[in-house]
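To keep things clear, I will list the structure first and then write my remarks on it.
Numbers for residues simply follow the sequence, beginning at 1. What's counted below: heavy atoms across the whole structure, side chains too, no hydrogens, waters or symmetry copies.
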Amino acid sequence: MTKEFAREIADKFIKEHNPDLWDGLGNMPSNFSSEIEVYNIFNKEVYMTIQFEIDADEGGRWAHIVKLYSNKDGCNDELIDGYFVNGINLADSLAETIVDLCDDYKELYE
């Protein structure tokens with residue numbers, strides 16, 4: 001995963017799910033979405049999900065979460081995940097999380 005490709009994914013995700021660049025404080029805009037997006041970035045058996053969710057461990061603050069799953073043998077097993085609390089309006093932060101998780105995946109599974 002290149003930084004440039006991760007940034008493209010992050011830019012598109014934030015544009016679609018947080019177009020007002022809401023920082024998670026105050027009233028949530030009506031166009032904010034916490035729906036999951038799925039990306040096939042490695043092969044048919046490994047896919048990535050990205051979504052915004054509330055991180056209870058950080059006092060209920062909004063965070064982006066990126067997860068990698070294996071769909072080998074028809075089972076959806078979580079391989080690795082990563083949070084970043086202050087990043088629901090920052091494409092750089094989301095892109096960095098994507099790159100870090102992909103690097104971790106390569107170290108562990110390839």
- Test item: Ile98 and Met48 side chains (from C-beta on) under 4.5 Å apart, heavy atoms: yes
- Note on the structure: Separation between NE2 (His17) and CD1 (Ile50), nearest 0.5 Å, reads 8.5 Å
- Query: Looking at NZ of Lys67 and OG1 of Thr97, how far apart are the two atoms once the value is rounded to the nearest 0.5 Å?
  - Reply: 14.0 Å
- All heavy atoms of Cys102 vs all of Ile41, minimum pair found to be SG-CD1, 3.5 Å
- Ile88 side chain reached by Phe32 side chain, heavy atoms, under 4.5 Å: yes
- Note on the structure: Smallest heavy-atom separation, Met1 atom then Ala6 atom, equals SD-N, 3.6 Å
- How far does NZ of Lys12 sit from OH of Tyr39, to the nearest 0.5 angstrom? 6.5 Å
- Query: For Gln51, does the CD atom have more than 12 heavy-atom neighbours from other residues, nucleotides or ligands under 6.0 Å away?
  - Reply: yes
- Item | Separation of Asn89 CG from Asn18 CG (nearest 0.5 Å) | 6.5 Å
- Side-chain heavy-atom pair Trp62, Met28 within 4.5 angstrom cut-off: yes
- Message: Using 0.5 Å steps for rounding, measure from the CG atom of Leu90 to the CD atom of Glu96.
- Response: 11.0 Å
- Asp20 side chain vs Trp22 backbone, donor-acceptor pair below 3.5 Å: no
- Message: Can you confirm whether Leu94 sits close enough to Val66 that some side-chain heavy atom of one is under 4.5 Å from a side-chain heavy atom of the other?
- Response: yes
- Which atom of Ala10 lies closest to which atom of Ala95, heavy atoms considered: CB-N, 3.7 Å
- Query: Under a 4.5 Å cut-off applied to non-hydrogen side-chain atoms, are Asp55 and Arg61 in contact?
  - Reply: no
- Query: To the nearest 0.5 Å, how far apart are OH in Tyr47 and CD in Glu37?
  - Reply: 13.5 Å
